[in-house]
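Per chain, numbering begins at 1; letters A, B, ... match sequence-line order.
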Amino acid sequence: MARFMPLEEAVATHLKDGDTAAFEGFTHLIPTAAAHQAIRQGVSDLVLVRMTPDIVYDQMIGMGLARKLVFSYAGNPGVGLLRRLRDAVENGWPRPLALEEHSHAAMANAYEAGAAGLPFAAFRGYRGAGLAAVNPNIRQVTCPFTGEVLAAVPALRPDVAFIHAQKADRKGNVLVEGIVGIQKEAVLAARRAVVTVEEVVEDFAGLHPNLCVLPHWTVAAISVVPGGAHPSYTHGYYERDNPAYLEWDRVAADREVFAAWMKTHVLDAGPGVFAERVAGLGVER
Amino acid sequence: MARFMPLEEAVATHLKDGDTAAFEGFTHLIPTAAAHQAIRQGVSDLVLVRMTPDIVYDQMIGMGLARKLVFSYAGNPGVGLLRRLRDAVENGWPRPLALEEHSHAAMANAYEAGAAGLPFAAFRGYRGAGLAAVNPNIRQVTCPFTGEVLAAVPALRPDVAFIHAQKADRKGNVLVEGIVGIQKEAVLAARRAVVTVEEVVEDFAGLHPNLCVLPHWTVAAISVVPGGAHPSYTHGYYERDNPAYLEWDRVAADREVFAAWMKTHVLDAGPGVFAERVAGLGVER
Amino acid sequence: MSVDNVTPGEMMTIAASRALSNDDVCFVGIGAPSAACNVARLTHAPDITLIYESGTIGTAPDVLPLSIGDGELCETALTTVSVPEMFRYWLQGGRITIGFLGAAQIDRFGNINTTVIGDYARPTVRLPGGGGAPEIASASREVFVTMAQSKRGMVERIDFFTSFGHGEGGDHRRRLGLQTKGPTLLVTDLAIWKPDPETKAFTVVSLHPGVTRQAVQETCGWPVRFADDLDETPPPSDVELETLRALKARTEAAHAGRAGGGTRKGPNDG
Amino acid sequence: MSVDNVTPGEMMTIAASRALSNDDVCFVGIGAPSAACNVARLTHAPDITLIYESGTIGTAPDVLPLSIGDGELCETALTTVSVPEMFRYWLQGGRITIGFLGAAQIDRFGNINTTVIGDYARPTVRLPGGGGAPEIASASREVFVTMAQSKRGMVERIDFFTSFGHGEGGDHRRRLGLQTKGPTLLVTDLAIWKPDPETKAFTVVSLHPGVTRQAVQETCGWPVRFADDLDETPPPSDVELETLRALKARTEAAHAGRAGGGTRKGPNDG
């Protein structure tokens, strides 16, 4: 049952050392505010899961929070590589990072299987691809009717999933619109889900019946954090801050610049800064 | 690529003797007009597929069009049993009918697998249920990670799927709203899809981005048949004709009453009658 | 309220409704289960989540649906999802606290038959089949059943295992790898039954007002066991009875009126 | 139009765009493939269906997206589906006619590496990984690749098989059970390449205007084969070039202007 609480309390309650945690968002709706709160909280030994780790995972990895990353594409979207991730993988700084690497199809199917309560997902994938040889969690299953051999991956069942969404109603039902990505599956696959939202509305009366809605009893905690996806965007609220992605490439290139940036913009900040950060990015509503 | 054509042409072009055909609809949006056209066309030896065969399948079976039924629940919704189906199964009249019987979960997963291009679907089902002993298409698959044994059913890949939908745009994109049921999966699982719609609109501009839309290149033919789901209903257009379902129970109880009813209401009628039939059932729009 | 003017069907629906709570996520079968679930929602459990297999989640119909896919269910739902999603994410996903089923035939272990009377290959009566029931029975955290008693319905041995209850009793579910509780409650028009903790055979734990042990046995096809501390079901309260009757009246009014122009009218008992 | 003021990158994008048709359903990679697909849509193939892996189907962006999930893609799409649905129903379902990829490293058989430079366990450079590419390469009916030529990018031997092209050539795809055609076209800034029908090794079939065989060989890490009937790529038409340049100008204008209030500005070459 969803409980409304400040982000500090939501992260403190639901994210623990050693957790397998997914902060999901597919370019759109990236839960930056929640990730920054996790960094401020100083949690450690996380197994981070995400299809598309980008800036916030670069930050969490650079701050040494994670011991392992389960992923399918790690990049700064529209810019290039993730330099803190590279430093961890190539040089073990600030600590070594184990990788469990998949394709998007595998991760999407694995979340889907997790949401569906299944132990694994079967799909036609990885044929001729090198990952099958380096990832022991890529196995095979044989169709009992045709004999076709398919790829199999274990279902993803994170301890906790964090997502950002447009809005909640007063009961704690959550609406996700636009590029919905993998967020519904991440919430349903996880043991606990924490959602940051732009705003709370009285109810969802009048909405089209077939939208992506997460009932309140699928969510553990909801925190209202306007702008909480910045520098990602929230469809209907504000646009993507493209210069921030470019800036990150410069910040992450140097360990000391990175540390200073994190102190100023994350460690010494709070969830309230996100509303300011999107002030110039609003869209007509 | 969707082509607009009269229903007579669409059924004649895409439904052949011996086809495996799915006329799908889940209480809502049942493609009655298309099924009646198939009866008038006089096609034979069909393998009929549907999760919830109801009046239209009772009619097609009673007219001797089908040699086999693949299904999970055969009933007159809100009324009771299907008497023509019973006559075929219990007495072989007008011809014997083979049954391949599943649960809803199995059929839903089998359509989903068909839409996803997979040869089979794995799910946690049929445990302790008697169908596994009488249906050789219920097998098992073992999770290569946990060792759990799951049920497996072959993907459904009908030769042709018929559905009814609210509207098409001029390019042939199709919108389904409300209880969307299994229709999207039926269309994507089938080799060919024929859609009847209430109306054609210029385009779908302004629609919410996350609705259930079938792109024009997933559909073979579209026929405009207002009221084409009667006595089922079309969300936003007209309500369910509950008395017609009750009347069917009386009609189907007797072979001669059935034959006379079919002559009057199906064989001697045409797609145009459906608009009249829903005239008193409109909803405010 | 006096018990005299309460029908056994009303008592059944109201007794079943009381077993549901505000926190339940209930997968609702059509007919008697649907009435019970909506009476619960309209009385003591306003926040209960009702789910119908057509994909409607958190629905709050003003009138009872005739089918699991009535438009009313969609119009009043929090959201409506596809049928594959319903069975994968919501039922198999383990999110249903109560699967609420009716039954054509049931045995003392809560195994249910809605498939055939007689032999499967050559049935005497071909029934509708299982629909969602096989997996509702295995995936819901527990299963409630409600049905009117009759010797034809409550039998020593069912003709077909459409959905698995406690099988042959005892730890049969566990032996099949089923982690869920299975049938934990049977509410009939005469009594409330619960499985014996050991044998899992349904045992009468409460008689509805005015019902005798003999009446229960006469309408049941197996030798009935009664609990040592047999209760009497509290009679319907005024609120419960008024809520149920108003719901039924709204339902009849809504379903009687509408008929299409092109087909002759049949009798309408909806 | 004179070829003199056309850049090699423009020629690459325009040559690639010509390979697409109105009936194609194209799974679009970001960067050069995205530009080519949108030029096709804005010139000779207005009804082409463009799909990005974020779930946007039938999208028609007015400006080029910086990422596969830009809001513009959703706002102009026919519909936007979830990511699991995208990979299950649309890609694995066999509905994609052309998978259009870029590449960091490619070999003569169209095998692509975007995973690591060096050893997988101890890489010299950790690249982003495959994302959608492994299954785009296997499930699309055919695969087009576009990239600028360089000895670092077009190599004798790739460090990691992120996505499988023709493997070791010949019938290698078939031996792995792959029913799709694999890479059938490579468009670079210098030439158009197609696989040899037998060996499946990429062969230059057309040189862009003004490009020499030597220039192709100098920027390619394997010994280049040229087709016997080598063509010259037709230069960009006025419409093609104006369309591409207008698209790029709109893109730069749109992406330059917006910045949030809370972070410092970096250089913007978007």
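For a residue to count as touching a neighbouring chain, one of its non-hydrogen atoms must lie under 4.5 Å from one of that chain's; by this rule D:P123 touches chain A with backbone and side chain alike. For chain A, the nearby part of D:V81 is the backbone; its heavy atoms alone come within less than 4.5 Å. Interface residue A:F123: backbone and side-chain heavy atoms are both found under 4.5 Å from chain D. With a 4.5 Å cut-off on non-hydrogen atoms, D:L127 touches chain A through its backbone and its side chain both. With a 4.5 Å cut-off on non-hydrogen atoms, D:F87 touches chain A through its side chain but not through its backbone. The contact between A:L99 and chain D is made entirely by side chain atoms (from C-beta outward), counting heavy-atom distances below 4.5 Å. At a 4.5 Å heavy-atom cutoff, the contact between D:D70 and chain A is made by backbone and side-chain atoms alike. Using a 4.5 Å cut-off between heavy atoms, D:L176 touches chain A through backbone and side chain atoms alike. Interface remark: D:Q92 contributes backbone and side-chain atoms alike to the contact with chain A (heavy atom separation under 4.5 Å). Contact annotation for D:T114: neither backbone nor side-chain heavy atoms come within less than 4.5 Å of a heavy atom of chain A. At a 4.5 Å heavy-atom cutoff, the contact between D:R88 and chain A is made by side-chain atoms alone. Both the backbone and the side chain of A:L131 come within contact range of chain D, judged by heavy atoms closer than 4.5 Å. Heavy-atom distances place no part of A:Y111 under 4.5 Å from chain D, backbone and side chain included.
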Task: Worked check of side-chain contact (heavy atoms from CB on, under 4.5 Å) between D:S82 and A:E185 - done: CA-CA 9 Å; D:S82 75; A:E185 286 74 17; 4.3 Å; yes

Task: Working for side-chain contact (heavy atoms from CB on, under 4.5 Å), residues A:R124 and D:E135 - done: CA-CA 8 Å; A:R124 190 178 292 108; D:E135 285 75 24; over 6 Å; no

Task: Full working for side-chain contact (heavy atoms from CB on, under 4.5 Å) between D:V83 and A:V180 - done: CA-CA 8 Å; D:V83 166; A:V180 295; over 6 Å; no

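Chain D forms more heavy-atom pairs under 4.5 Å with one residue of A:M51, A:R86, A:E148 than with any other, namely A:R86. For chain D, the option among A:L81, A:V134, A:T52, A:V89 with the highest count of heavy-atom pairs below 4.5 Å is A:V134. Note: A:G178 leads A:S232, A:A133, A:G178, A:P231 in heavy-atom pairs under 4.5 Å with chain D. Taking chain A as the reference chain and counting heavy-atom pairs below 4.5 Å, the highest number among D:T124, D:I30, D:L91 is found for D:T124. Ranked by non-hydrogen atom pairs under 4.5 Å with chain D, the options A:C212, A:P77, A:G75, A:A129 are led by A:A129. Between chain A and the residues D:P65, D:S54, D:A77, the largest count of heavy-atom pairs under 4.5 Å involves D:S54. Ranking D:G131, D:A139, D:G167, D:A133 against chain A, the residue ahead of the rest is D:G131, based on heavy-atom pairs under 4.5 Å. Counting heavy-atom pairs closer than 4.5 Å to chain D, the top-ranked of the candidates A:A151, A:G125, A:A269, A:A108 is A:A108. Top candidate by heavy-atom pairs under 4.5 Å with chain A, chosen from D:G132, D:P134, D:G31, is D:G132.
A donor and an acceptor atom, one from each side chain of D:Y120 and A:E101, are located under 3.5 Å apart. A donor and an acceptor atom, one from each side chain of A:H104 and D:E53, are located under 3.5 Å apart.
Within a 6.0 Å radius of CD in D:E168, no more than 12 heavy atoms belonging to other residues, nucleotides or ligands are found. For D:R175, the CZ atom counts as densely surrounded, since its 6.0 Å shell holds more than 12 non-hydrogen atoms of other residues, nucleotides or ligands.
Between D:G69 and A:I179, the shortest heavy-atom contact is O-CD1, 3.3 Å.
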